[in-house]
Amino acid sequence: MSKKPSTIRIGRRYRANRLAPAYDVLIVGSGIGGLTAAACLAKMGKKVCVLEQHYTAGGFTHSYDRNGYEWDVGVHYIGDMGSPNTMGRRLFDYITDGALHWAPMDQHFDRIFLGDEHYDLVAGREAYRDALVAAFPAEERAIDTYLHYMRSVREGVRLHTLKKIVPAWASGLVANWQRRKTPPYFNQTTRSVLESLTSNQKLIAVLTGQWGDNGLPPAQSSFIIHSMIAQHYMYGGYYPVGGASRMAETIIPVIRQAGGEVFTYALVEKILVGEQGVTGVLMADDTEIHAPVVISDAGVFNTFETLVDASVPQRAAYLERLGHVRRSMSSLCLYIGLQETAENLGLPRTNFWIYPSEHYEVDLAAFDNDIDAEFPLVYISFPSAKDPSFAERYPGRATIEIVAPGPHSWFEHWADKPWGKRGDDYEALKEQLSKRLLRKLYEKLPQLQGKVDYYELSTSLSTDYFCRYRQGEIYGVDHTPKRFEQDWLKPKTEIPGLWLTGQDVLTCGVVGALVGGLLTAIQLGGWQGMKLARKMFF
């Protein structure tokens, strides 16, 4: 019999009488961007109050347990954690005081299935290249040019990032510098860049086989986000020891050291704005919490459509700007529990990316038009195999997660129904989709048939309920070329005292949102922020 840990609840439950008399900064949302900004500001001596509507902190980095199993909801793997010298690792070490530890995945960290064939992405720059050349020997020149293109994108990304935090008078100078330094393919679509290098569609499919990490197939995504993701995992994938919830668990003590707190069950109704700017927030219990600075980690759609009142003059301009971007993909996630260890079941520390063919856009379009069409992407992750502490915490157990696209339009019929009470027809649809995803798992790992003890499926409605993304968008704003042209997607807003953070500030993903939190803290921190920038970027 396995021991069942208590339900994972990170943070302190909100009560109005638990609030401090005053705070320097309020943060709406406890995703990794909000927690990073809070921890960085706390190290500058700021008393920060983080307000999270969910029962546990962490946003898409939280974990949950049920029926004696534990799953993460968004932290399937992270790159650049093997060396203490990468910026992402340095930042994690900084905001956790070194308390968060990492376990490497297999050397073959991602396996791309195209129909009946598969190709492995291998950790290490040379090994990564050599595996691609071995699989496509006639494409060696195209592969080398592709790797050169990705490296050349780095300088443009640095300038793109710098432009978000420099004073207004300097942004034009940085923009001119960026235009001179960035290659012409910098913000073209990923597919157009790769098709300028090769006509081999299978090679293009392998190179873009991680497109689920940003939610857009290569014909729609910017080459910027593709390059950032591919380089991020060039040296392999890593998983937090102790599970995804260890992120919030290790960051919160840093916030508390300066007198701050992270409250859960803390639903913010409105950001309060007076004649001179932000004055605080209004809670669902009608409590007003006052502070001169509010940072929103709730996403730009939630911030300007819901949290900022219509009476705020600047809101109209932001609503117009929202028309130039769109929400990212929504997804299904099947959480699976097995009464056996990952080792005995032969579960790998490799992610599976399963596609029916190399024609990603064609398969995706067919699926969008027909719920019974084959899944255009099925991603399978094995968290209990990745986490070396899992067997001790959950002896005799293993977990698997399967993620696939799941258009919000399939489920919006039940959007007005309460969580857990959406009716038999909703549950029947979920069961149908679950069985289809399980079949994909058994195709690749037939030894698992008959071993599944428990499973449950989340949909776009689950994402809305737990994370307040209204259409289930898991990556915030879509990473199209047009998104990267939006200069207003930056920490400082035109509403005095209101700031943004998280994945909409820079890019999606844990480290993208992490750096978004850093940028907000740098710009807010004045001379202390400049010291932090030198520490992290140089």
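The structure presented is a predicted model; accordingly, all values stated were derived computationally and were not measured.
- Between R129 and E140 there is a salt bridge, with a side-chain nitrogen of the basic residue lying less than 4.0 Å from a carboxylate oxygen of the acidic one.
- Proximity of a side-chain donor or acceptor of T208 to a complementary backbone N or O of W211 within less than 3.5 Å is not detected.
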Item to check | Audit row: S83, T86, side chain to side chain donor-acceptor pair (under 3.5 Å) steps and yes/no | outcome: CA-CA 6 Å; S83 167; T86 65; 5.6 Å; no
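- Under the 3.5 Å distance criterion, the side-chain polar atoms of T493 are matched with a main-chain donor or acceptor of L498.
- With S227 contributing its side chain and M150 its backbone, the two residues share no donor-acceptor pair below 3.5 Å.
- By the 4.5 Å heavy-atom criterion applied to side chains, K444 and H118 are not counted as neighbours.
- At a cut-off of 3.5 Å, with distance as the only test, a side-chain donor of S222 or N187 sits close to an acceptor on the other residue.
- Counting heavy atoms from C-beta outward, L377 and Y355 have side chains that approach closer than 4.5 Å.
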Next on the checklist: Would L216 and M329 count as a side chain to side chain contact (heavy atoms under 4.5 Å, CB included) here? Give the steps.
Outcome noted: CA-CA 8 Å; L216 282 179; M329 70 173 285; over 6 Å; no
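- Cation-pi geometry between R66 and Y335 is not met at under 6.0 angstrom from the ring centre and within 45 degrees of the axis.
- Contact annotation: the side chain of T507 never approaches that of I229 to less than 4.5 Å [non-hydrogen atoms, C-beta and beyond].
- In this structure the side chain of F60 reaches within 4.5 angstrom of the side chain of C467, judged on heavy atoms.
- Here the CG atom belonging to L35 is positioned 12.0 Å from the OG1 atom belonging to T96, to the nearest 0.5 angstrom.
- Of all the heavy atoms in D106 and P348, the pair that sits closest is OD2-C, 4.1 Å.
- Considering CD1 of I402 and CG of L441, their distance stands at 4.5 Å, rounded to 0.5 Å.
- Using modelled atom types, one finds a donor on one side chain and an acceptor on the other under 3.5 Å when comparing E70 with Y394.
- Across W353 and D213, no two heavy atoms sit closer than the pair CH2-OD1, 3.5 Å.
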Item to check | ring-ring contact (aromatic ring centres under 6.0 Å, His included) assessment of F352 paired with F382 | outcome: CA-CA 9 Å; F352 289 0; F382 306 93; 5.4 Å; yes
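- A salt bridge links D120 and R111; the closest N-O separation between the charged side-chain nitrogens and carboxylate oxygens is under 4.0 Å.
- At least one donor-acceptor pair closer than 3.5 Å links the side chain of T520 to the backbone N or O of G516.
- The pair K482-E485 does not meet the salt-bridge criterion, since no charged nitrogen lies less than 4.0 angstrom from a carboxylate oxygen.
- Each of Y239, Y238, Y233 was checked for a ring pair (Phe, Tyr, Trp, His ring centres under 6.0 Å) with Y77, and the lone residue meeting it is Y233.
- Few gaps surround NZ on K164; more than 12 heavy atoms of other groups in view lie less than 6.0 Å from it.
- The CD1 atom of I27 sits 7.0 Å away from the CD1 atom of I255 when rounded to the nearest 0.5 Å.
- Annotation: side chain of F92 is in contact with side chain of L514 (closest heavy-atom distance under 4.5 Å).
- Contact record, V505 with T501: CG2-CA, 3.4 Å, taken as the closest heavy-atom pair.
- Side-chain N or O atoms of S384 include none that pairs as donor or acceptor with a backbone N or O of A398 at under 3.5 Å.
- Under the 3.5 Å distance criterion, with hydrogens and angles disregarded, no donor-acceptor pair is assigned to the side chains of S460 and S330.
- Atom CG of N85 sits about 11.0 Å away from atom CG of D80, to the nearest 0.5 Å.
- When the options I252, I95, I78 are evaluated for a side-chain contact (heavy atoms from CB on, under 4.5 Å) with M247, the one that passes is I78.
- Within the 3.5 Å criterion, the main-chain N or O of G82 finds no donor-acceptor partner in the side chain of W102.
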Next on the checklist: Using side chain to side chain donor-acceptor pair (under 3.5 Å), reason through N214 and Y475 one step at a time and then give a plain yes or no.
Outcome noted: CA-CA 7 Å; N214 73 78; Y475 295 126; over 6 Å; no
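- Within a 6.0 Å radius of CD in E343, no more than 12 heavy atoms belonging to other residues, nucleotides or ligands are found.
- F466 and H62 have tilted rings, their planes meeting at an angle from 30° to 60° on a 0 to 90° scale.
- A donor-acceptor pair is defined here as one N or O able to donate and one able to accept, closer than 3.5 Å; no such pair exists between the side chain of Y119 and the backbone of L132.
- Considering only heavy atoms from C-beta on, V293 stays 4.5 Å or farther from Y23 through its side chain.
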Checklist entry - How far apart are the C-alpha atoms of L524 and I295, what are their side-chain angles, what is the distance that settles it, and do they pass the side chain to side chain contact (heavy atoms under 4.5 Å, CB included) test? => result CA-CA 10 Å; L524 253 173; I295 300 172; 3.6 Å; yes
Item to check | Stepwise side chain to side chain contact (heavy atoms under 4.5 Å, CB included) test for Y149 and L194 | outcome: CA-CA 10 Å; Y149 274 20; L194 295 184; over 6 Å; no
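- In this structure, the side chain of R397 does not engage the main chain of G337 through any donor-acceptor pair within 3.5 Å.
- Heavy-atom contacts from other residues, nucleotides or ligands closer than 6.0 Å to NZ of K46 number 12 or fewer.
- In this structure, the separation between CD on E139 and OH on Y146 is 13.5 Å, given to the nearest 0.5 Å.
- Not one N or O on the side chain of E52 forms a donor-acceptor pair closer than 3.5 Å with the backbone of V262.
- The aromatic ring centres of F186 and H160 sit 6.0 Å or more apart.
- Looking at every heavy atom in both residues, S30 comes nearest to V50 through CB-CG1, 3.8 Å.
- Residues L489 and F484 fail the side-chain proximity criterion, which asks for heavy atoms closer than 4.5 Å.
- With Y469 as the aromatic partner, R327 does not meet the cation-pi criteria of under 6.0 angstrom to the ring centre and within 45 degrees of the ring axis.
- Contact of the Y360 side chain with the P218 side chain is registered, since non-hydrogen atoms from C-beta on lie closer than 4.5 Å.
- Annotation for P388 and A103: closest pair CD-CB, 3.5 Å, computed over non-hydrogen atoms.
- Ring pair H76/Y379 is tilted by interplanar angle, where 30° to 60° counts as tilted.
- Applying the ring pair (Phe, Tyr, Trp, His ring centres under 6.0 Å) test to Y94 and every residue at least two apart in sequence or in another chain returns nothing.
- To the nearest 0.5 Å, atom CG of residue L307 and atom CG of residue N302 are 6.5 Å apart.
- Formation of a donor-acceptor pair under 3.5 Å by the D478 side chain with backbone atoms of R326 is not found in this model.
- Closest approach of D387 to R393, counting heavy atoms only: OD2-NH2, 2.7 Å.
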